[in-house]
Amino acid sequence: MKERGSFLHQVKSDLVSRRDELLQLIEEQSDKEGKNIGDIKDVADEVSSLTMDKLQNSIEEAEISELKLIDEALERIDKDAYGVCIECSHEIQVKRLEYFPYAARCIGCQEALEE
Ligand SMILES: [Zn+2]
């Protein structure tokens with residue numbers, strides 16, 4: 001299975017670089033948060049600052065949950081369990097993995113989960 005090996009190698013390097021990117025984004029956002037508190041107080045618009053907080057939190061949450069997915073995918077690669085559905089143990093389509101490299105479930109199980 002030489003092809004699978006090089007595919008995994010590619011996925012792993014993609015995931016690792018995406019991981020670095022996300023960590024950097026989260027770090028930048030935390031920096032910004034500290035600097036922007038004064039601006040928000042100047043505006044003195046409680047509603048919009050609340051909305052901004054909410055927005056910022058949800059962005060960070062999305063990034064953190066993506067980080068978690070990436071970590072889990074990297075772990076599955078190390079355990080040689082990558083590309084196998086965690087629900088039904090069938091192989092996940094390569095096309096799906098190319099589009100969504102940290103997919104833990106095949107399309108059928110994912111759809112069943114989201115319904
Ligand atoms: Zn499945």
Side-chain angles (χ1 to χ4, degrees):
M1 292 276 270
K2 209 180 168 190
E3 254 176 55
R4 184 175 153 83
S6 66
F7 175 66
L8 282 181
H9 190 80
Q10 180 62 45
V11 168
K12 196 170 176 175
S13 73
D14 285 353
L15 286 174
V16 168
S17 58
R18 178 68 183 146
R19 194 175 181 276
D20 288 346
E21 213 177 282
L22 281 170
L23 284 172
Q24 208 182 331
L25 267 173
I26 292 170
E27 207 173 300
E28 277 170 17
Q29 268 173 14
S30 317
D31 282 353
K32 252 190 235 163
E33 251 169 62
K35 281 171 200 155
N36 280 346
I37 287 171
D39 298 343
I40 292 165
K41 279 184 183 156
D42 283 346
V43 177
D45 186 345
E46 293 246 335
V47 177
S48 77
S49 82
L50 266 178
T51 313
M52 267 184 72
D53 280 351
K54 258 191 194 165
L55 197 71
Q56 194 129 40
N57 283 341
S58 72
I59 292 169
E60 272 182 27
E61 260 171 47
E63 279 158 358
I64 288 164
S65 64
E66 194 179 344
L67 262 185
K68 219 180 134 213
L69 287 172
I70 290 172
D71 278 344
E72 285 168 3
L74 287 171
E75 210 181 298
R76 287 197 300 278
I77 291 174
D78 286 340
K79 287 180 182 164
D80 203 23
Y82 181 78
V84 176
C85 176
I86 60 169
E87 300 284 344
C88 69
S89 303
H90 284 118
E91 274 190 27
I92 301 170
Q93 280 186 313
V94 171
K95 272 208 166 146
R96 173 161 164 75
L97 291 171
E98 279 170 352
Y99 181 70
F100 191 58
Y102 33 74
R105 292 173 181 85
C106 69
I107 192 83
C109 291
Q110 187 63 43
E111 275 172 4
L113 197 82
E114 280 166 8
E115 264 168 15

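Just so you know, ligand 1 is whichever comes first in the structure, and atom 1 is the first atom listed for that ligand.
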Test item: Arg96 side-chain N/O and Arg105 main-chain N/O as donor-acceptor pair under 3.5 Å:
yes
Counting N and O atoms only, with roles assigned by atom type, does the side chain of Tyr102 sit under 3.5 Å from a partner on the main chain of Leu67, one being a donor and the other an acceptor?
no
Can you name the residues that form a salt bridge (charged side-chain N to carboxylate O under 4.0 Å, His left out) with Arg18, not counting sequence neighbours?
Glu21, Glu66
Check the Zn ion (ligand 1) and write out every protein N, O or S atom at under 2.8 Å, as residue and atom.
Cys85 SG, Cys88 SG, Cys106 SG, Cys109 SG
Nearest non-hydrogen partners of Arg4 and Tyr82, listed with the distance:
NH2-O, 2.9 Å
Within the 3.5 Å criterion, strictly below it, is a donor on Gln24 or Asp20 matched to an acceptor on the partner's side chain?
no
Report yes if some heavy atom in the side chain of Leu97 is under 4.5 Å from a heavy atom in the side chain of Val11; otherwise report no.
no
